[in-house]
**Q** 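Structure incoming, see below.
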Amino acid sequence: QVQLVESGGGLVQAGGSLRLSCAASGGTFRNYAMGWFRQAPGKEREFVAAISWTGRTISYADSVKGRFTISRDNTKNTVYLQMNSLKPEDTAVYYCNADREYYSVQNPEGGDYWGQGTQVTVSS
């Protein structure tokens with residue numbers, strides 16, 4: 001059983017930056033692909049970014065390409081989401097996701113394990 005704990009959310013002005021972290025425990029971190037999803041009020045959860053267990057394969061939603069960067073540190077059992085040039089439409093609860101299969105952390109349903117989420121609010 002993998003436990004995921006997100007941190008780093010907060011309130012930021014448009015154009016600003018935040019870095020989210022997701023610490024994993026309870027499993028062998030390097031065996032899991034990791035993803036970030038988000039859910040805005042009144043909207044369905046959507047895929048944001050994914051990274052393979054090696055870190056060599058990465059994908060992004062079109063809405064965040066060029067602004068967000070996903071990375072992982074397998075020595076710290078942590079995945080990161082660096083978010084730059086934030087926009088009010090990026091406001092959402094951001095969730096960390098883990099699965100042994102890379103394709104699972106890219107599809108809208110996500111993979112097997114979820115964190116509790118961290119709130120990101122971007123003011124205009």
Side-chain angles (χ1 to χ4, degrees):
Q1 187 76 6
V2 175
Q3 291 84 43
L4 303 171
V5 178
E6 301 96 335
S7 61
L11 173 64
V12 64
Q13 288 189 332
S17 299
L18 282 174
R19 188 176 82 154
L20 306 183
S21 299
C22 172
S25 61
T28 303
F29 183 68
R30 65 177 179 273
N31 288 345
Y32 291 86
M34 303 296 296
W36 286 96
F37 289 73
R38 66 187 182 186
Q39 187 166 20
K43 295 188 177 181
E44 293 191 353
R45 186 172 60 202
E46 64 176 0
F47 166 76
V48 175
I51 187 168
S52 64
W53 70 270
T54 63
R56 295 194 194 107
T57 302
I58 288 174
S59 58
Y60 296 98
D62 288 343
S63 58
V64 306
K65 278 181 182 176
R67 301 188 298 121
F68 291 11
T69 302
I70 189 171
S71 61
R72 66 188 295 160
D73 186 339
N74 287 345
T75 67
K76 297 182 178 179
N77 291 353
T78 301
V79 63
Y80 305 96
L81 186 68
Q82 177 67 44
M83 304 186 296
N84 298 329
S85 302
L86 282 161
K87 304 175 181 180
E89 52 264 43
D90 294 318
T91 295
V93 177
Y94 283 70
Y95 296 92
C96 182
N97 184 240
D99 197 278
R100 291 182 178 269
E101 298 293 340
Y102 181 71
Y103 74 86
S104 293
V105 296
Q106 294 184 91
N107 66 52
E109 292 75 31
D112 288 338
Y113 304 103
W114 293 92
Q116 294 299 309
T118 185
Q119 177 70 48
V120 171
T121 303
V122 184
S123 64
S124 57

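The shown structure was predicted, so the numbers you read here are calculated from the model rather than taken from an experiment.
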**Q** Does the pair K87/D90 count as a salt bridge with the N-to-O cut at 4.0 Å?
**A**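 No, this pair does not count.
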
**Q** Run the side-chain contact (heavy atoms from CB on, under 4.5 Å) test on W53 and T28 for me, step by step, so that the C-alpha distance in whole Å, both residues' side-chain angles and the decisive distance to 0.1 Å come before the verdict.
**A** CA-CA 10 Å; W53 70 270; T28 303; over 6 Å; no

**Q** Taking the six-membered ring where the residue is Trp, are the ring centres of Y95 and F37 under 6.0 Å apart?
**A**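 No, too far apart.
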
**Q** Do V48 and Y60 touch side chain to side chain, with heavy atoms closer than 4.5 Å?
**A**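 No, every pair of side-chain atoms sits at 4.5 Å or beyond.
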
**Q** So, for S85 and R67, which heavy atoms are closest and what is the spacing to 0.1 Å?
**A**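 Looking at all heavy atoms of both residues, the shortest contact is O-NH1, 3.0 Å.
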
**Q** Between Y32 and F47, is there shared hydrophobic-cluster membership here, with clusters defined by ILVMFWY side-chain heavy atoms closer than 4.5 Å?
**A**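 Looking at the clustering, F47 is in a separate group from Y32.
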
**Q** Given the rule in the side-chain contact (heavy atoms from CB on, under 4.5 Å) test, do V12 and T121 qualify, once you have shown the distances and angles that lead to the verdict?
**A** CA-CA 6 Å; V12 64; T121 303; over 6 Å; no

**Q** Under 4.5 Å between any side-chain heavy atoms of V79 and W36, yes or no?
**A**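 Yes, side chains in contact.
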
**Q** Identify the heavy atoms of A14 and S124 that sit nearest to each other, and give their distance.
**A**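 Smallest heavy-atom distance, with atoms named: CB-CA, 4.4 Å.
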
**Q** Applying the 4.5 Å side-chain criterion to the ILVMFWY set and letting contacts propagate, would M34 and F68 be lumped into a single cluster?
**A**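 Yes.
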
**Q** When you measure from the side chain of N31 to the backbone N and O of R100, does any donor-acceptor pair fall under 3.5 Å?
**A**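 Such a contact is absent between N31 side chain and R100 backbone.
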
**Q** Show, in sequence, the C-alpha distance, side-chain angles and deciding distance for T91 and Q119, and conclude whether the side-chain contact (heavy atoms from CB on, under 4.5 Å) test is met.
**A** CA-CA 8 Å; T91 295; Q119 177 70 48; 4.1 Å; yes

**Q** To the closest 0.5 Å, what do you measure between CZ (R30) and CG (N74)?
**A**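 Those atoms lie 8.0 Å apart.
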
**Q** Check L81 against A49 and note the closest heavy-atom contact, atom names and distance.
**A**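 For L81 and A49, the tightest heavy-atom pair comes out as CD1-CB, 4.2 Å.
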
**Q** Check whether any side-chain N or O of T118 sits under 3.5 Å from a backbone N or O of G9 as a donor-acceptor pair, and report yes or no.
**A**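 Indeed, once roles are kept as given, a pair shorter than 3.5 Å links the two residues.
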
**Q** To the nearest 0.5 Å, what is the distance between CG on D99 and CG on D112?
**A**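 Separation between the atoms: 4.5 Å.
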
**Q** So do Q82 and S17 actually touch side chain to side chain, heavy atoms under 4.5 Å?
**A**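 Yes - at least one pair of side-chain heavy atoms lies under 4.5 Å apart.
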
**Q** Quick one: CD1 on I70 to CE on M83, what's the gap to the nearest 0.5 Å?
**A**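 Answer for the CD1-CE pair, I70 versus M83, is 12.0 Å.
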
**Q** Could you grab the distance from atom OG1 of T57 to atom CD1 of I51, nearest 0.5 Å is fine?
**A**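 Rounded to the nearest 0.5 Å, the OG1-CD1 separation comes out at 9.0 Å.
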
**Q** Please indicate whether E89 has more than 12 foreign heavy atoms, meaning atoms of other residues, nucleotides or ligands, lying under 6.0 Å from its CD.
**A**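 Counting other residues, nucleotides and ligands, CD of E89 exceeds 12 neighbours.
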
**Q** How long is the straight-line distance from OG of S52 back to CD1 of I58, given to the nearest 0.5 Å?
**A**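 Here the interatomic distance stands at 7.0 Å.
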
**Q** For R72 and T78, indicate whether the former's side chain and the latter's backbone hold a donor-acceptor pair under 3.5 Å.
**A**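 No, because the side chain of R72 does not come within donor-acceptor range (under 3.5 Å) of the backbone of T78.
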
**Q** Report the C-alpha distance between Y94 and E6 in whole Å, list the side-chain angles of each, state the deciding distance to 0.1 Å, and finish with yes or no for side-chain contact (heavy atoms from CB on, under 4.5 Å).
**A** CA-CA 8 Å; Y94 283 70; E6 301 96 335; over 6 Å; no

**Q** Please tell me if the side chains of W114 and R45 come closer than 4.5 Å, counting only heavy atoms from C-beta onward.
**A**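 A side-chain contact under 4.5 Å exists here.
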
**Q** Tell me yes or no: between the side chains of Y102 and S59, is some donor less than 3.5 Å from an acceptor?
**A**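 A donor-acceptor contact under 3.5 Å links the two side chains.
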
**Q** So, do P108 and E46 sit near enough that their side-chain heavy atoms are less than 4.5 Å apart?
**A**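 Side-chain contact under 4.5 Å: no.
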
**Q** Any chance you could measure L4, atom CG, to F29, atom CZ, to the nearest 0.5 Å?
**A**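 Rounded to the nearest 0.5 Å, the CG-CZ separation comes to 8.5 Å.
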
**Q** Compare all side-chain heavy atoms of R38 with those of V64 and state whether any distance is below 4.5 angstrom.
**A**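 They are in side-chain contact.
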
